[in-house]
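Contents: one structure, followed by commentary.
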Amino acid sequence: HVMGDLLGSVAALASGLVIVLTGWTPIDPILSLLICALILFAALSLLRTALGVVMERVPARLDLEDVRSAMTGLDGVVEIHDLHIWQISSDRVALSAHVVMDDFEKWPDLLARMDAMLLDRFGIDHPTLQPELATVGECSHANPQCHG
């Protein structure tokens, strides 16, 4: 917004200078239309971001399956389900998911590793994770390394 204000001021000064030096008055509406276009572009971008927050959509920079894959790739995770990612403000992203794991005793360590990975790799700073213990059938099919 500050850059838009700066460009508007520079355009006003430039058009005034051109009119004083050359007498060519069409420069004023031309530069005014250019500034209007820049303001419209910025407003549409802001509206798109605000609408994404209100509609709780996955932020455009994130891919749900990439996040699921990264979470599933952590040692001790059997499966991730009920995964939801949404933007809660212009700079905060929330996530909720059920984490199927092979051993509940590993949960504190896994939670810390998952929180750090989500923040570092995806910028997700508000995760809510629910642990679930895998059944024997889930372990054998979903993760051959499962000890449950």
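Everything numeric in this text was worked out from a predicted model, so none of it was measured. All heavy atoms count here, side chains included; hydrogens, waters and symmetry mates do not.
With a 4.5 Å cut-off on side-chain heavy atoms, Ile85 and Arg57 do not count as touching. Within the 4.5 Å cutoff, the side chain of Trp86 has heavy atoms near those of the Ser96 side chain. Lys106 is listed as a side-chain neighbour of Asp102, based on a closest heavy-atom distance under 4.5 Å. Side-chain contact between Trp24 and Ile27 is present, with heavy atoms from C-beta onward closer than 4.5 Å. Side-chain contact between Gln130 and Val99: absent, with no pair of heavy atoms (C-beta onward) separated by less than 4.5 Å. A heavy-atom distance below 4.5 Å is found between the side chains of His81 and Val100. When side chains are defined from C-beta on, Met71 counts as touching Met114, because their heavy atoms get closer than 4.5 Å. Looking at heavy atoms from C-beta onward, Asp63 lies out of side-chain contact with Phe122 at the 4.5 angstrom threshold.
How far CG of Asp115 is from NE2 of His126: 11.0 Å, rounded to the nearest 0.5 Å. In this structure, CG on Leu129 lies 8.5 Å from CG on Leu110, to the nearest 0.5 angstrom. Note that NE2 of His98 and OG1 of Thr128 are 10.5 Å apart. Values are rounded to the nearest 0.5 Å. How far CD1 of Ile35 is from CD1 of Ile30: 13.0 Å, rounded to the nearest 0.5 Å.
The two residues Val78 and Thr72 have their closest heavy-atom pair at O-CG2, 4.3 Å. Smallest separation of non-hydrogen atoms from Pro29 and Pro26: CD-O, 3.1 Å. Nearest approach of Leu119 to Asp125, heavy atoms of both residues: CD1-CB, 3.8 Å. For the pair Gly123 and Arg61, the tightest heavy-atom approach, listed with the atom from each and the gap, is O-NH2, 3.8 Å. Val18 approaches Thr22 most closely through the heavy-atom pair O-OG1, 2.6 Å. Nearest heavy atoms, Ala14 versus Leu31: CB-CD1, 4.3 Å.
The number of heavy atoms from other shown groups lying within 6.0 Å of CZ (Phe104) is above 12.
Within the 3.5 Å criterion, the main-chain N or O of Glu65 finds no donor-acceptor partner in the side chain of Ser69. Of the possible donor and acceptor atoms, one in the side chain of Ser32 sits under 3.5 Å from a partner among the backbone N and O of Asp28. When atom types are taken as modelled, the side chain of Arg68 and the backbone of Glu79 share no donor-acceptor pair closer than 3.5 angstrom.
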